[in-house]
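Below is one structure; the comments refer to it alone.
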Amino acid sequence: MQQANLEGIFEEFLNKESVFLNKDSLSIRYTPENIPHRDVQISGVAKVLASCLRLERPSNLFIYGKTGTGKTLVVQKVCHQLEATALKKEVPLKIIYVNCKMRRVADTEYRLVAQLAREVGHEVPATGLPTDEVYKTFFNSIDDKKQIIIIVLDEIDWLVKKSGDEVLYNLTRVNQELKNAQVCIVGISNDVTFMEDVDPRVKSSLGEEELVFPPYDALQIKDILAERSKIAFVEGAVDEVVISKCAAYAARDHGDARRALDLLRVASELADRDGVGNIAEEHVDLAEDKIERDNIFEIVKHLPTQSQIVLYAGLVLDDTDKQPFFTGDLFNIYNELCDRIGLKILTQRRISDLIGELDMLGLFTAKVISKGRYGRTREVRMGINGGTVGKVKELLESQLGF
DNA sequence: CGAGATTCATGTGAAGTATACCTTTAGGCTTAA
DNA sequence: AAGCCTAAAGGTATACTTCACATGAATCTCGTA
């Protein structure tokens, strides 16, 4: 009986007409042929980096703009082209791309440099070595021949927020130590104000050239979506109205094209699953919830256990009544929870830091306030909205074993 | 009544500790001449 | 004697703890109008 059912599902799936031609083109990893409305930025980046084709070190470049304004995409695009040209002209050029936000990959000085070393083919242990040693490993392996290295540090603001700007200082100085190779650094930041509280030496050196990516407006996002959907969907699967809606939603908060693409992709997946031949407006609404949920799930799932418990404690408090709550309240609940599942209780000092981290991830919204006579504390609210809370709670319960 | 002192709960920085892992080194064992 | 293996010694990064001091506005205190 069940077997037959399964078979039925598969059969149906195969017979069903899919809305997709090439679903990949909606994914964030996809690099499209041309990037609409970013000509200025593309040529800006290209002009700066082009000098490496003459074996001259390009100026360091610092790029900032909000999420989903195409920073990463543009840089990657230019880099690909550059690599291709360099290959043709036999210019020794290497481009290293590192995303600093990756947990446990590049979020400390040591780990970043270790990652760089790995990118040039030197396995480096996760701990144990002096940081200088790792620097040396990296330098030596790039300095063995004349070449230009372009290091792209994406989400560089994270790295600095977590472990200070010393890394950047060291990296911007590397050229003095290298005999053959030359290094150019491209920093990409979502935080527009990030440069303000950075060592002025780093600032002047990293910001030799600066480029701002303004947010897209609704019309531009529409263009982008239209372009991609030509590749992604079969004829007539997606309606003008749907695209407008996605664009409008995304433009509503700071012109985030990535969000628009996500909306369209998820909406179309939902439509596909429903087995209807085209995407309807309500699919977009459903998609909006789902994306928010999925993003949060992804973050929560990979949180260290202790942070998960702190988050769960927040959810418990959120459930009762108080919304904002304070560090002390949270710590009490946290204690009970740890007791319940027999986990080691960390100090309040540490929890305070963990709350800070959850705040950075957007799961909490925490603000240090003074309650006058009644002390100073963090005022914490949940950064997760209504419908998702329950699901996150379920997820945590199953992961933590409540 | 208002200026200044007090107070509370916790933020925050610095230094210390435990753990896991790394390299170096010295000693011991094996092996081959 | 040379080569190889092993275990101890000495070192590091990271996550966490301990200690001590900093914060900042509501509240208290006390001098003054």
Side-chain angles (χ1 to χ4, degrees), chain A residues 98-141 153 158-171 197-199 299-300 302-314 317 322-339 341-361 363-383 399-400:
Chain A
V98 179
N99 187 326
C100 303
K101 198 171 173 175
M102 302 251 278
R103 268 189 101 61
R104 296 176 176 277
V105 174
D107 56 353
T108 68
E109 175 168 21
Y110 180 93
R111 298 212 259 243
L112 171 65
V113 184
Q115 184 60 29
L116 291 177
R118 275 194 279 272
E119 293 280 341
V120 293
H122 269 260
E123 228 10 77
V124 174
T127 169
L129 290 186
T131 308
D132 303 14
E133 203 60 37
V134 186
Y135 268 109
K136 260 187 228 158
T137 320
F138 175 58
F139 289 169
N140 290 339
S141 57
L153 300 176
W158 262 77
L159 178 64
V160 173
K161 260 181 219 149
K162 268 205 78 177
S163 38
D165 52 15
E166 207 174 318
V167 209
L168 296 185
Y169 181 63
N170 289 334
L171 276 179
D197 33 43
V198 141
D199 189 314
I299 298 172
V300 171
H302 295 112
L303 239 37
T305 313
Q306 291 287 358
S307 300
Q308 288 184 336
I309 296 182
V310 174
L311 179 62
Y312 190 80
L317 276 169
K322 352 206 205 176
Q323 170 68 268
F325 44 89
F326 307 109
T327 306
D329 309 333
L330 195 93
F331 186 63
N332 290 337
I333 305 286
Y334 163 82
N335 269 308
E336 284 173 29
L337 291 173
C338 280
D339 256 2
I341 58 173
L343 203 83
K344 200 181 155 216
I345 298 173
L346 301 182
T347 51
Q348 185 157 344
R349 176 71 184 81
R350 180 66 186 142
I351 298 306
S352 175
D353 283 348
L354 290 183
I355 293 174
E357 279 175 31
L358 289 174
D359 178 45
M360 282 219 283
L361 288 169
L363 296 172
F364 282 168
T365 310
K367 198 170 80 191
V368 179
I369 56 155
S370 176
K371 291 188 291 171
R373 184 65 213 280
Y374 306 103
R376 221 164 87 93
T377 182
R378 268 203 188 84
E379 186 186 72
V380 188
R381 280 165 224 276
M382 293 309 297
Q399 282 215 341
L400 296 169

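These numbers come from the heavy atoms of this one structure, side chains and all, not from hydrogens, waters or symmetry mates.
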Rounded to whole Å, CD of A:Glu357 lies from C1' of B:dT12 at a distance of 15 Å

Test: A:Lys136 and A:Asp132 ion pair at under 4.0 Å | no

Is any side-chain nitrogen or oxygen of A:Thr347 closer than 4.0 Å to OP1 or OP2 of C:dT17?
-> yes

Please give, in whole Å, the distance from B:dT10 P to A:Arg378 CZ?
-> 12 Å

Between CZ of A:Arg350 and C1' of B:dT12 the distance, given in whole Å, is 14 Å

Round to a whole Å and report the spacing from CZ of A:Arg349 to C1' of C:dA22.
-> 13 Å

Is there a side-chain hydrogen bond (donor to acceptor under 3.5 Å, both in side chains) between A:Gln348 and A:Tyr334 once you walk through the steps?
-> CA-CA 10 Å; A:Gln348 185 157 344; A:Tyr334 163 82; over 6 Å; no

Side-chain donor or acceptor of A:Ser141 paired with backbone N/O of A:Phe138 under 3.5 Å | yes

Could you state the NZ-P distance from A:Lys162 to C:dT14, rounded to the nearest angstrom?
-> 9 Å

Of the nucleotides C:dT23, C:dT17, C:dT27, which one has an atom closest to the side chain of A:Lys344?
-> C:dT17

N/O (side chain, A:Thr327) to phosphate O (OP1/OP2, B:dG11) under 4.0 Å | yes

Rounded to the Å, how far apart are A:Arg376 CZ and C:dA25 P?
-> 9 Å

Side chain of A:Gln306, backbone of A:Lys344: donor and acceptor closer than 3.5 Å?
-> yes

Smallest separation among heavy atoms of A:Gln308 and A:Gln399, with atom names = NE2-OE1, 2.7 Å

Would you tabulate the nitrogen or oxygen pairs shorter than 3.5 Å linking the protein to nucleotides 9-13 of chain C?
unit_1: C:dG11; atom_1: N2; unit_2: A:Gly128; atom_2: O; d: 3.3
unit_1: C:dT12; atom_1: O4'; unit_2: A:Gly128; atom_2: O; d: 3.3
unit_1: C:dT12; atom_1: O3'; unit_2: A:Leu129; atom_2: O; d: 3.4
unit_1: C:dA13; atom_1: OP1; unit_2: A:Thr131; atom_2: N; d: 3.3
unit_1: C:dA13; atom_1: OP1; unit_2: A:Thr131; atom_2: OG1; d: 2.5

How is A:Ile345 classified with respect to the nucleic acid when contacts are heavy atoms under 4.0 Å: base, sugar-phosphate, or nothing?
-> sugar-phosphate

Interatomic distance, A:Ile351 CD1 vs C:dT17 C1' [rounded to whole Å] = 12 Å

Rounded distance (Å) that lies between atom P of B:dT10 and atom CG of A:Leu346 | 17 Å

With the side chain counted from C-beta on, respond yes when A:Asn170 and A:Thr131 share a heavy-atom pair under 4.5 Å apart, and no when they do not.
-> no

Which atom names give the shortest non-hydrogen contact between A:Gly356 and A:Arg378, and what distance separates them?
-> CA-NH2, 4.3 Å

